[in-house]
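Both counts, for ligands and for their atoms, begin at 1 and track the order of listing. Below, all heavy atoms of this structure are taken into account, side chains as well, without hydrogens, waters or symmetry copies. Note that the structure is a prediction, hence the values are computed from the model and not measured.
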Amino acid sequence: MTTKSLAPAPLRRIPFCRVSCDGNELAYVKDVLESGWLTTASRAHDFERHFAEAVGARFACAVNSCTSALHLALEALDVKPGDEVIVPTMTFTATAEVVRYLGADPVLVDVEYGTGLITPEILLDAVEHHPRAKALMVVHYAGQPALMLGGNGRAGILDICRRSGLRVVEDAAHAFPTRCESLMIGGIGDATCFSFYANKTITTGEGGMLTTNNPAIDARVRVMRLHGIDRDIWSRFTEATPSWEYDVVAPGFKYNMPDINAAIGLAQLERAALMRDRRQRLATHYFERLAGLEDIDLPIVRVPFEDHAWHLFVLVVRPTAKLCRNRLIEILTERGIGTSVPYKPLHRLSYYRDHYPLSPADFPEAERIWSGCLALPLYPSLTEEDQDYLCDILIELLG
Ligand SMILES: *Cc1c(COP(=O)(O)O)cnc(C)c1O
C-alpha cells in the first residue's frame, strides 16, 4: 500500500484580502433591521451626504455597484451607439463593458509602466487618432491618482479633455480616499464612480457611489438609478404630494443602494482615514523590505504617500527573474499566501479581441506589466509579521 505524500502545511495563512468590519457596522445594520425599512431611505441619504463631504463633491448618488455608477455616468453624458470612449487597457472589464451597454465603442489605450496609469501624453496621442471620441474613462489604478490637474507647464488630463471636448468619467474603484493636489478624487471630473465591493478600500458588501459637481448629471443619475421615476421612493413618502403619484420619464434601471448596505458604508466611512493610514504604513514596510530585490520592479509612486489610497501594492516580476510570475504564485499559494494579478489587460480578453482590431504590440507597457504583475496582500488587519513572512519568502526565491 502506498501513502500519498502530503505537502507540509503552510506556517501561516495570509489571504489576499480580508474585510475590516470592526467598527459600528453591526450596530448600524441592527438599527436598520429594527427600523423595518430595509431599502433605500434615510441611511442611504446620510451615506451620500457624508461621502460627498469626504470627497468635496456637490452631489453623491448611492448605487448598488461601481459598474452601475459607470453605466449611469455615461448615460447621463449622453453616450450613444457609435460614440467612442477612451479606456485604458489595464483595468477591470466593468470600465469598458458599460461603454458597450450603450452601444458605444471603447478605444483602448496603453498605460505607463510602473504606475499602471494613463498619462497626458498617452491621452494626447489617443485624441489625435480619435478626434471624434466623446468621453474618457480615467482609472486611478491601485489608488494612485492619474495626473488630472497638471502644473509646471505640463497640461493635465482635465485640461486636455476640456480642450478636446471630451467628457471625463473617473473609475475610482481603487481611489477612496485619494487626493490629487488640493482636491480629492470625486470632486474633479464630470462624474466619478466608486466601488464598495467587498475587496475595496471601504465596503458595503456590494455598492457604489457616483459623485459630481454638475447638477444636471446628478439629476439624471438620480432618476435613472430607479426606473426613470421622477422622484425616489423616500421623497414620495415624505413630501406633500400624494405618495401614490409618480411619473416615469425614461426606461431607467434598478441600481439603488439599500439602507442595509448604506448602514455598513456609514460605519466604514468613519474609519476610512484610519484604514488608509494603516495601508500606507504596510506599503511603506513592503518598500523597505523589498528594495534592492533585483528580480522585481516595485510600484512607482508619483504623489506624496499620504495622497494614495493604497488599495493595491502591485509589483512586477522582471522577465529575467529566477522564477516567472506564474511559478511564484504557485509557490506562494503552497505557503499559504494569497495574491492577485490585476489585471489581464482588456486587449487580451476574447470579447474585446474578437470585436476590435487589437494587437498586443499596440500596448507595450501594459504587456510589460501584465507579463509580470503581482499584487501582494494589503489591508488593515495584515500584520508586519505577515509581511515579513511573505517578504522573507520573496527574498529567498528572488534574491
Ligand atoms: C472593482 C472594480 C470595478 C467594479 O466595481 P463593482 O462595485 O464590483 O461594480 C470597476 N472598475 C475597477 C477598476 C474595479 O477595480
Flag this pair as yes if the NZ/CZ of Arg278 is under 6.0 angstrom from the six-membered ring centre of Trp310 and inside a 45 degree cone about the axis; otherwise no. no
Basic-acidic side-chain contact under 4.0 Å: Arg318, Glu294: no
Any ion pair linking Arg327 and Glu330 (charged N to carboxylate O, less than 4.0 Å)?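 Arg327 and Glu330: salt-bridged.
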Heavy-atom pair with the smallest gap, counting every atom of Arg353 and Arg348: NH1-O, 3.2 Å
Shortest protein heavy-atom distance from atom 10 (C) of ligand 1, along with the residue and atom involved: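 Nearest protein contact, heavy atoms only, for atom 10 (C) of ligand 1 is Asp171 OD2, 3.6 Å.
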Among all protein heavy atoms, pick the one closest to atom 4 (C) of ligand 1 and tell me residue, atom and distance.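 Checking every protein heavy atom, the shortest distance to atom 4 (C) of ligand 1 gives Thr67 OG1, 3.7 Å.
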Region of Cys66 that comes within reach of ligand 1 [heavy atoms, distance under 4.0 Å]: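 Both the backbone and the side chain of Cys66 come within reach of ligand 1.
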Out of Ala96, Ser195, Ala172, Ala175, indicate the one that has the non-hydrogen atom closest to atom 5 (O) of ligand 1. Ser195
Plane angle bin for Tyr343 and Phe92 - parallel if under 30°, tilted between 30 and 60°, otherwise perpendicular: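 Phe92 and Tyr343: tilted rings.
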Determine whether the aromatic ring centres of Phe305 and Phe287 lie less than 6.0 Å apart.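 Ring-ring flag for Phe305/Phe287: true, centres closer than 6.0 Å.
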Does the side chain of Tyr197 come within less than 4.5 Å of Ser65's, by heavy atoms? no
Any N or O on Lys200 sitting closer than 3.5 Å to an N or O of ligand 1? yes
Which of the atoms in ligand 1, numbered in the order shown and given with their element, are less than 4.0 Å from a heavy-atom of Thr91?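 This gives 13 (C) as the contact atoms.
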List ligand 1 atoms under 4.0 Å from Ser65, heavy atoms only on the residue side. 7 (O), 9 (O)
Answer yes or no for Tyr343: is there a heavy-atom contact with ligand 1 below 4.0 Å?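 For ligand 1, residue contact (heavy atoms, under 4.0 Å) with Tyr343 is present.
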Gly207 near ligand 1, heavy-atom distance under 4.0 Å? yes
